[in-house]
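Every heavy atom of this structure was used, including side-chain atoms; hydrogens, water molecules and symmetry mates were not.
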Amino acid sequence: MNLLGTWLTDRMDLQLHVYQLKILIRVVKKKYRDFRLQGVLDSTLNSKMYETVRNRLTLEEATASVREGGMQGVSMKDSDEEDNDN
């Protein structure tokens, strides 16, 4: 997560391509779910870097939705709803 956060921070002035955004959203959601299933505490999972990455991907998603007209079923919001269902 730290590597991804650093990579996104280095590219703060650049928008992500829609393909990059979709892949990163899937990676972050899968990482979060997998570690949560392994019993990693929420306090560890919800680190400052995770929140930074999540906020950046959410912002990029909103920008891409306006610019491209949608993300075709890939969304950071999905992970929030899945977390609430568990």
Side-chain angles (χ1 to χ4, degrees):
M1 196 54 62
N2 288 335
L3 180 64
L4 181 56
T6 302
W7 187 81
L8 288 171
T9 302
D10 290 346
R11 290 154 184 80
M12 188 63 77
D13 56 337
L14 302 172
Q15 288 184 343
L16 296 175
H17 187 274
V18 175
Y19 181 76
Q20 288 175 314
L21 182 58
K22 286 180 181 181
I23 296 302
L24 290 176
I25 287 173
R26 287 184 177 141
V27 166
V28 169
K29 286 170 55 175
K30 176 128 177 74
K31 175 250 177 225
Y32 188 88
R33 269 190 244 117
D34 286 354
F35 278 100
R36 194 166 191 201
L37 285 172
Q38 293 296 322
V40 176
L41 298 175
D42 284 343
S43 60
T44 303
L45 287 174
N46 295 325
S47 66
K48 184 163 177 64
M49 187 57 75
Y50 171 75
E51 290 299 320
T52 301
V53 169
R54 186 177 174 282
N55 289 339
R56 171 71 188 274
L57 293 179
T58 302
L59 176 67
E60 290 285 343
E61 178 188 355
T63 302
S65 292
V66 170
R67 188 179 64 227
E68 304 290 330
M71 293 285 294
Q72 291 106 19
V74 178
S75 172
M76 283 302 291
K77 187 174 184 201
D78 292 342
S79 69
D80 292 343
E81 291 170 0
E82 290 168 5
D83 290 345
N84 291 336
D85 291 341
N86 291 335

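Across all non-hydrogen atoms, the minimal contact from Leu16 to Arg56 is CG-NH2, 4.4 Å. In terms of heavy atoms, Trp7 sits closest to Leu24 at CZ3-CD1, 3.8 Å. Nearest heavy-atom pair across Val53 and Gly5 is CG2-CA, 3.6 Å.
For the side chain to side chain contact (heavy atoms under 4.5 Å, CB included) with Leu8, the qualifying choice from Leu4, Thr6, Asp10 is Leu4, the only one to do so. Results of the side chain to side chain contact (heavy atoms under 4.5 Å, CB included) test with Met49 over Asn2, Leu3, Thr9 single out Asn2 as the only residue that passes.
We find the CZ-CD distance between Arg54 and Glu61 to be 10.0 Å, quoted to the nearest 0.5 Å. Expressed to the nearest 0.5 Å, how far NE2 of His17 lies from NZ of Lys22 amounts to 9.5 Å. Considering CD of Gln20 and CZ of Arg11, their distance stands at 8.5 Å, rounded to 0.5 Å.
For the pair Leu21/Ile25, a side-chain contact is recorded, criterion being any heavy-atom separation below 4.5 Å from C-beta on. Side-chain contact check for Gln15 versus Arg67: some heavy-atom pair is nearer than 4.5 Å.
Scored by the salt bridge (Lys or Arg N to Asp or Glu O under 4.0 Å) test, Asp34 finds Lys30 as partners (sequence neighbours excluded). Residues forming a salt bridge (Lys or Arg N to Asp or Glu O under 4.0 Å) with Asp42 (at least two apart in sequence, or on another chain): Arg36.
Linking ILVMFWY residues whenever their side-chain heavy atoms come closer than 4.5 Å, directly or via other members, leaves Tyr50 and Leu41 in distinct clusters. By the rule that hydrophobic residues join a cluster once side-chain heavy atoms approach within less than 4.5 Å of another member, Leu45 and Leu57 end up as members of one cluster.
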